[in-house]
2 protein chains.
Amino acid sequence: MVEEKKISMAVIRRLPRYFRYLSDLIKLDIKRISSKELSERMHITASQIRQDLNCFGGFGQQGYGYNVEYLYDEISKILGTNKRFSCIIVGAGNMGNALANYENFARRGFDIIAIFDVKKEKVGTVINNIKVMHMDILPEFIKTHHVDIAMLTVPNNKINEVATQVTELGIKGIWNFSPTDLRLDNGTIVENVHLSDSLMVLGYRLKESRENHNH
Amino acid sequence: MVEEKKISMAVIRRLPRYFRYLSDLIKLDIKRISSKELSERMHITASQIRQDLNCFGGFGQQGYGYNVEYLYDEISKILGTNKRFSCIIVGAGNMGNALANYENFARRGFDIIAIFDVKKEKVGTVINNIKVMHMDILPEFIKTHHVDIAMLTVPNNKINEVATQVTELGIKGIWNFSPTDLRLDNGTIVENVHLSDSLMVLGYRLKESRENHNH
DNA sequence: TAGATTGTTAATCGATTAACAATC
DNA sequence: TAGATTGTTAATCGATTAACAATC
């Protein structure tokens, strides 16, 4: 049995950021970068970068720094962007619509293969080439198609019910757009977006900065 | 001069969560709650709740706990949900559309007063009773209307330009939906949503949990 | 008064930063 | 070889948790 060190959430949440900056460096045709240079671009310490990367392996070279393309590939592998994830959207409202039309997800390995809704008038319509189906078909669909992730954009009062349902049907990943904190016992992985929390924090910070400028 | 203790971001980001749980308690007609009971509901420690709340004041009573309605009101005041924020959306694409249709924002004090886009075919259309105007009108609009927050749902390659523009026009708060990390020198407050970062973290965690179950 | 629970101080834990030996 | 920069250990900082005196 291989000894696995536990990676902290703080590190994990920085990975997509490294990924983005490295992707930018490639576009800028920059071939190598030191932790110091990268730290200046990202506004974090060089120490943190080296610590973070060394959770996963020694990707650099003393006296040289990091090869941009190699490091990008390694982080891609860590994040699993080289793998593909099958996703469904539940809730064909405005947010579901927006997600279905996001071309970037497919580029990052997340394929949206179906959209579900309870409203009869939505069923049969097509959003960005993806058919909208009725919720009644969901169990049958999941039996016949492998689904990794359910993106839930249902009204808040339906979220627990829908989350429980998709979990019981075997889906292991939930991307939750409702304000409710989902708590599912079985090993389901949940990422919350909580848009209104983010907006309220913005409001708070704005109010604070005003008060500090006035007094 | 009043001595002001600096509130950490960790605490600030938990405030909307307290707000939500208290709002739920009110709906459940629960009048009082102890930090212990609340800690069980929220799955955080009672210590943390008491520490967090005491950053802002002593809202409880020894031997009794917290009065739900009173605590809710106090957190509302802290968050500024009793104040109103004027918002504009820049970018009338699918995400801009979804935001414009979110009824919850207005309930929380965030009024969307206008939507802007560069595309001529969008200009003049109405989304959820809000008129879409051309970007050319933006400077004039901001001169004649007070705007607190710009919600930016423009393509990633336009984000820096648009963010700079709204900042120079005097807007102090930006809700950023692009993957780019905005960095604006003048005291602009930025909240990033970074949807694809969240999705990539979900992908990573999903991949990890699978690997841990297999070996 | 006795019991409960806060507000607050002290202890612990974890994450970030600094330092430097290893090495390309 | 000399210079640069990593990988990694040690020090610091901040956030979380525990403990308990204050008090309703």
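Sequence lines set the chain letters: A, B, ... in the order given, protein chains first and strands last, and positions in each chain run from 1.
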Report task. Using chain B heavy atoms and a threshold of under 4.0 Å, write down where along DNA chain C the contacts begin and end, 5' to 3'. Result -> dA4(C) to dA10(C)
Query - Quiz item: cation-pi between Arg32(B) and Tyr66(B), 6.0 Å / 45° - result: no
Could you list the donor-acceptor pairs under 3.5 angstrom formed by side chains in residues 150-157 of chain A, with sequence neighbours left out?
residue	atom	partner	partner atom	Å
Thr153(A)	OG1	Val90(A)	O	3.2
Thr153(A)	OG1	Gly91(A)	O	2.6
Asn156(A)	OD1	Thr180(A)	OG1	2.5

Query - DNA chain C contacts among residues 51-67 of chain B, heavy-atom distance under 4.0 Å - result: Gln51(B), Asn54(B), Gly58(B), Phe59(B), Gly60(B), Gln61(B), Gln62(B), Gly63(B), Tyr64(B), Gly65(B), Tyr66(B)
Requested in this report: Before giving the answer on side-chain contact (heavy atoms from CB on, under 4.5 Å), spell out for Ile88(A) and Ile115(A) the whole-Å C-alpha distance, their side-chain angles and the decisive distance to 0.1 Å.
Outcome: CA-CA 6 Å; Ile88(A) 60 168; Ile115(A) 305 173; over 6 Å; no
Query raised in the report: Would you say Arg84(A) has more than 12 foreign heavy atoms packed within less than 6.0 Å of its CZ?
Result: yes
Report task. Evaluate the side chain to side chain donor-acceptor pair (under 3.5 Å) criterion for residues Asn176(B) and His194(B): first the C-alpha distance (whole Å), next the side-chain angles of each, then the deciding distance (0.1 Å), finally the verdict. Result -> CA-CA 8 Å; Asn176(B) 172 32; His194(B) 288 344; 4.7 Å; no
Report task. In plain terms, say whether Arg20(B) and Asp181(A) are close enough for a salt bridge, that is, a side-chain N and a carboxylate O under 4.0 Å apart. Result -> yes
Query raised in the report: Going from NZ on Lys83(A) to NZ on Lys207(B), what distance comes out if it is rounded to the nearest 0.5 angstrom?
Result: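 One gets 5.5 Å once the value is rounded to the nearest 0.5 Å.
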Requested in this report: Write out the stems for DNA chain C, ordered by first number and formatted as range with range, counting runs of at least 3 consecutive Watson-Crick or G-U wobble pairs under 3.5 Å.
Outcome: C:3-24 with D:3-24
Report task. Scan for ring-ring contact (aromatic ring centres under 6.0 Å, His included) pairs involving residues 13-40 of chain A, sequence neighbours excluded, and state none if there are none. Result -> Phe19(A)-Tyr72(A)
Report task. Under 4.0 Å between any heavy atoms, over every strand shown, what does Ser47(B) touch: base, sugar-phosphate, or nothing? Just pick one. Result ->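 Base, at least one base atom sits under 4.0 Å.
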**Report entry** Counterpart residues, side-chain hydrogen bond (donor to acceptor under 3.5 Å, both in side chains), relative to Glu40(A) (two or more places apart)
**Finding:** Lys36(A)
Query raised in the report: How about Phe105(A) and Trp175(A): are their ring centroids closer than 6.0 Å?
Result: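 For Phe105(A) and Trp175(A), the ring centres are under 6.0 Å apart.
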